[in-house]
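Every value quoted in this text rests on a predicted model; they were computed, and no experiment measured them.
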Amino acid sequence: LLNEWVTVSKVANVDLQTLSTGFSILGESASEAGLSTKELNALLATISETLSLTDRTAGNAAKVFISGFGTSKAQKALQDIGVAATDLNG
C-alpha cells in the first residue's frame with residue numbers, strides 16, 4: 001500500500017498524509033462500495049488535486065461522494081444516462 005501511495009504522490013499533486021488520512025476515513029465505506037485500493041487512491045488523488053483539498057477535507061469529500069452513489073435518487077440518475085449503479089446481484 002505504501003508503494004502505491006508513493007507512486008500516486010509522484011504522479012498527482014497529493015501528499016502521503018492526504019492519502020493515509022483519506023484511507024482512515026474511507027476504509028470501510030470504500031470496501032463496502034467495492035472500491036479497490038487503486039480506485040480509492042485515484043479517487044482521493046483526483047478530489048485532492050482538482051479541488052485543492054488536503055487530508056481530512058479530501059477524505060470527507062470522497063466519503064460523501066461514495067455514499068451519494070448509494071441513494072436511490074443517484075442510482076436513478078445514473079441509469080437515466082446509461083450507467084449501471086448495481087451489478088446483477090443488486
Distance-only donor-acceptor pairs under 3.5 Å for side chains of residues 21-29, two or more places apart:
unit_1, atom_1, unit_2, atom_2, d
Thr21, OG1, Gln17, O, 2.8
Ser24, OG, Thr21, O, 2.7

Within the 4.5 Å heavy-atom criterion, are Lys10 and Val6 side-chain neighbours or not? yes
Would you indicate whether the side-chain heavy atoms of Val8 and Trp5 approach each other to under 4.5 Å? no
To check you understand the geometry: which heavy-atom pair defines the closest contact between Ala12 and Glu49, and what is its length? CB-OE1, 3.7 Å
Non-hydrogen atoms of Ala33 and Ile66 that approach each other most closely: CB-CG2, 3.6 Å
Could you state the interatomic distance from [atom1] ([X]) to [atom2] ([Y]), rounded to the nearest 0.5 Å?
| X | Y | atom1 | atom2 | value |
| --- | --- | --- | --- | --- |
| Leu16 | Asp55 | CG | CG | 12.0 Å |
| Glu4 | Leu40 | CD | CG | 10.0 Å |
| Thr7 | Asn41 | OG1 | CG | 9.0 Å |
| Leu1 | Leu19 | CG | CG | 9.0 Å |

Short question: side chain of Thr46, backbone of Leu43 - any donor-acceptor pair under 3.5 Å? no
Is it the case that Asp15 and Thr18 place a side-chain donor and acceptor less than 3.5 Å from each other? yes
Walk me through whether Leu53 and Ile47 qualify under side-chain contact (heavy atoms from CB on, under 4.5 Å). CA-CA 7 Å; Leu53 302 177; Ile47 287 174; 3.9 Å; yes
